[in-house]
Amino acid sequence: MLTTRPRGTSDIIPGQVEKWQYLEHVFRRLCREYDYAEIRLPIFEHTELFQRGVGETTDIVEKEMYTFLDRGKRSITLRPEGTAPAVRAYLENRLYAGPQPVKLYYTGPMFRYDRPQAGRYRQFHQFGVEVFGAHDPAVDAEVIAMAMDFYSRLGLQGLELHLNSVGCPGCRAVLRKKLQEFFRPHLDGMCADCRGRFERNPLRILDCKVERCREVSTGAPTTVDCLCPDCAAHFQAVQDYLAVLAIPYVVDPRLVRGLDYYTHTAFEIMAADIGAQSSIGGGGRYDGLIEACGGPPTPGIGYALGLERILLTMERQGCAFPPPEGPDVFLAVAGEPASLEAVRLLQQLRRAGLAAARDYLGRSLKAQMKYAGKLNARYVVILGGDELARRVVTLKDMAAGTQEEIPADRLVDGLCRRCRES
RNA sequence: GUGGAUGUAGCUCAGUUGGUUAGAGCACCAGAUUGUGGCUCUGGGGGUCGUGGGUUCGAGUCCCAUCUUCCACCCCA
């Protein structure tokens, strides 16, 4: 073999791809019911979109982006997430001039230069939604409910919804000051990362995984302690809506999302038993982002769901997928004259809307039957010299094992009727 | 980016202290049944032992490098 697929990418082959199609089908149906419109965005963007939109100090921008110069010497980046491109498209296409809010969904691959492991790949796939132009906490609750609805339609169980509010910039400033006061006396005992975070972004100390830092930070002031009255009211309202929807959650003051532009609501959905990469989706509000990207002050909120991790969880939990579909009918052909007739019949069957296949390898009838069985064909039409001469075909029901002879010119109608009936 | 494992047929794996022509099950193809799938039996095709170096009379086996995948960290979906 000349070469293999690049590290951290995967081929989704027949047998697997049906599962992806199923998830897409369920998600599109969900978006229709929640009234979100699809937007299709480029897979690469100008690098500065992510530098500004995601944040210079985030891990994504600092070390995970696929960035290259194109032939016109422009710096291009394979999109590592969907929110910044959606914001860009909202502004560039002046969607703010239409009815608000604008509710969008997207699907597709994202790229991050990470070291692969179970549930983490360099090209991975997300379903996401974004709502622009509404600050109402009912929208926060709607997008959370929508994400949870998606999981539940797939049959996933035992998921944990983590919820937090990181407040507005005013709350963040208060918290920052309080955190620095709290951690200053303990700095010597903390990890190097956290000593760096102390100046740059003390919020991030709260989700440090180092044991010593966790001990130190128990009792530290949290986001929730520092919310201003408006932010506290917003957070409470989100929780009230979730209560009405009977969606269980845990308030997790340590949930501090990695992207700089998040304000207010932050949430993440965790699945047990798929390893360390247990987050199967997450999102939050970003009321400052659109303005930061050069647009009018506009609130926004969204989430993204990780398809590879969802599939992994579904497989671990034994969730059901639609059964594999074979052709409605397989034409078994004996002899060359029959082959000519088979081509004509195939065309008629397909034009009638049936999924129809035949043999192309000159196999024996027995081998063709075996092949049809493997394809999971519902019916087999046997067409040989004998049938041809008498203008009939033999129609076999593969599941029942029964067969009958019918006039050739009644085959298409007869098959259509049978396939519709069951 | 850091640390630790892994790699033999399409898949799951065996392969002795380094020793002749690398095996099994499943899958695939064919025959038993010259026109009938699933069960059974028989036979067949398929491997540069991840890749590249090295040690040795001799390497699937030992050493080095590299790639992949997996596990953990960082971070996230």
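In the text below, chain A, chain B and the rest are named by the order of the sequence lines, each starting its count at 1.
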**Message:** Strictly below 4.0 Å: does A:Gln117 bring a side-chain N or O up to OP1 or OP2 of B:A72?
**Reply:** yes
**Asked** Taking only side-chain nitrogens and oxygens of A:Arg120, does any of them come within less than 4.0 Å of OP1 or OP2 of B:C76?
**Response**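 So the side chain of A:Arg120 is outside the cut-off, no N or O lying under 4.0 Å from OP1 or OP2 of B:C76.
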Please tell me which of the listed nucleotides, [options], lies nearest to the side chain of [X]?
{"X": "A:Met398", "options": "B:C29, B:C74, B:G37", "result": "B:G37"}
{"X": "A:Ala118", "options": "B:C70, B:U68, B:G37", "result": "B:C70"}
{"X": "A:Pro116", "options": "B:U36, B:C70, B:C76", "result": "B:C70"}
{"X": "A:Glu64", "options": "B:C75, B:C76, B:G35", "result": "B:C75"}
{"X": "A:Asp114", "options": "B:A77, B:G37, B:U68", "result": "B:A77"}
{"X": "A:Asp59", "options": "B:C75, B:G37, B:A77", "result": "B:C75"}

[X] [atom1] to [N] [atom2]: how many Å, rounded?
{"X": "A:Tyr113", "N": "B:U2", "atom1": "OH", "atom2": "P", "value": "11 Å"}
{"X": "A:Gln126", "N": "B:A77", "atom1": "CD", "atom2": "P", "value": "7 Å"}
{"X": "A:Ile60", "N": "B:G1", "atom1": "CD1", "atom2": "C1'", "value": "16 Å"}
{"X": "A:Glu308", "N": "B:C70", "atom1": "CD", "atom2": "P", "value": "11 Å"}
{"X": "A:Phe111", "N": "B:A77", "atom1": "CZ", "atom2": "C1'", "value": "14 Å"}
{"X": "A:Lys370", "N": "B:G31", "atom1": "NZ", "atom2": "C1'", "value": "10 Å"}
{"X": "A:Asp11", "N": "B:U68", "atom1": "CG", "atom2": "P", "value": "15 Å"}
{"X": "A:Arg115", "N": "B:A5", "atom1": "CZ", "atom2": "P", "value": "13 Å"}

So [X], base contact, sugar-phosphate only, or nothing? Heavy-atom distance under 4.0 Å.
{"X": "A:Ala377", "answer": "nothing"}
{"X": "A:Lys374", "answer": "sugar-phosphate"}
{"X": "A:Gln403", "answer": "base"}
{"X": "A:Ile382", "answer": "base"}
{"X": "A:Arg363", "answer": "sugar-phosphate"}
{"X": "A:Lys63", "answer": "base"}
{"X": "A:Gly8", "answer": "sugar-phosphate"}
{"X": "A:Gln123", "answer": "nothing"}

Using the [atom1] atom on both, measure [N] against [M] and round to a whole Å.
{"N": "B:U36", "M": "B:G31", "atom1": "P", "answer": "11 Å"}
{"N": "B:G1", "M": "B:A59", "atom1": "C1'", "answer": "35 Å"}
{"N": "B:G18", "M": "B:U55", "atom1": "C1'", "answer": "12 Å"}
{"N": "B:U68", "M": "B:G50", "atom1": "P", "answer": "16 Å"}
{"N": "B:A65", "M": "B:G4", "atom1": "P", "answer": "12 Å"}
{"N": "B:A27", "M": "B:A9", "atom1": "C1'", "answer": "11 Å"}
{"N": "B:G43", "M": "B:G23", "atom1": "P", "answer": "16 Å"}
{"N": "B:G60", "M": "B:G47", "atom1": "C1'", "answer": "11 Å"}

**Request:** Apply the test side chain to side chain donor-acceptor pair (under 3.5 Å) to residues A:Thr394 and A:Gln403: give CA-CA distance (whole Å), side-chain angles for both, the deciding distance (0.1 Å), then the verdict.
**Result:** CA-CA 7 Å; A:Thr394 300; A:Gln403 68 181 45; 5.2 Å; no
**Message:** Within the structure provided, determine whether A:Cys226 and A:Arg172 are in side-chain contact (heavy-atom separation under 4.5 Å).
**Reply:**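 The answer is no, as the side chains (C-beta and beyond) never meet within the 4.5 Å cut-off.
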**Message:** Here's a test of your reading of the structure: between A:Ala334 and A:Ile269, which maps to the more 5' nucleotide of RNA chain B?
**Reply:** A:Ala334
**Closest-nucleotide ordering on RNA chain B, the 5'-leading residue of A:Gly373 and A:Glu268** = A:Gly373
**Prompt:** Only one of A:Lys103, A:Arg28, A:Glu142 forms a side-chain hydrogen bond (donor to acceptor under 3.5 Å, both in side chains) with A:Tyr36, so which one is it?
**Reply:** A:Glu142
**Asked** Any idea how A:Phe27 and A:Phe150 line up, ring-wise: parallel (<30°), tilted (30 to 60°), or perpendicular (>60°)?
**Response** perpendicular
Identify whether the distance between the nearest side-chain nitrogen and carboxylate oxygen of [X] and [Y] falls below 4.0 Å.
{"X": "A:Arg88", "Y": "A:Glu92", "result": "yes"}
{"X": "A:Glu181", "Y": "A:Lys177", "result": "no"}
{"X": "A:Arg417", "Y": "A:Asp413", "result": "no"}

**Message:** Using the six-membered base ring of B:G37, report whether A:Tyr371 stacks on it, requiring centroids under 5.5 Å and planes under 30° apart.
**Reply:** no
**Request:** Please confirm whether A:Tyr121 and A:His125 have ring centers closer than 6.0 angstrom.
**Result:** no
**Request:** Go ahead and name the base partner of B:G3; Watson-Crick or wobble counts if both distances stay under 3.5 Å, otherwise write none.
**Result:**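 B:G3 is paired, partner B:C71.
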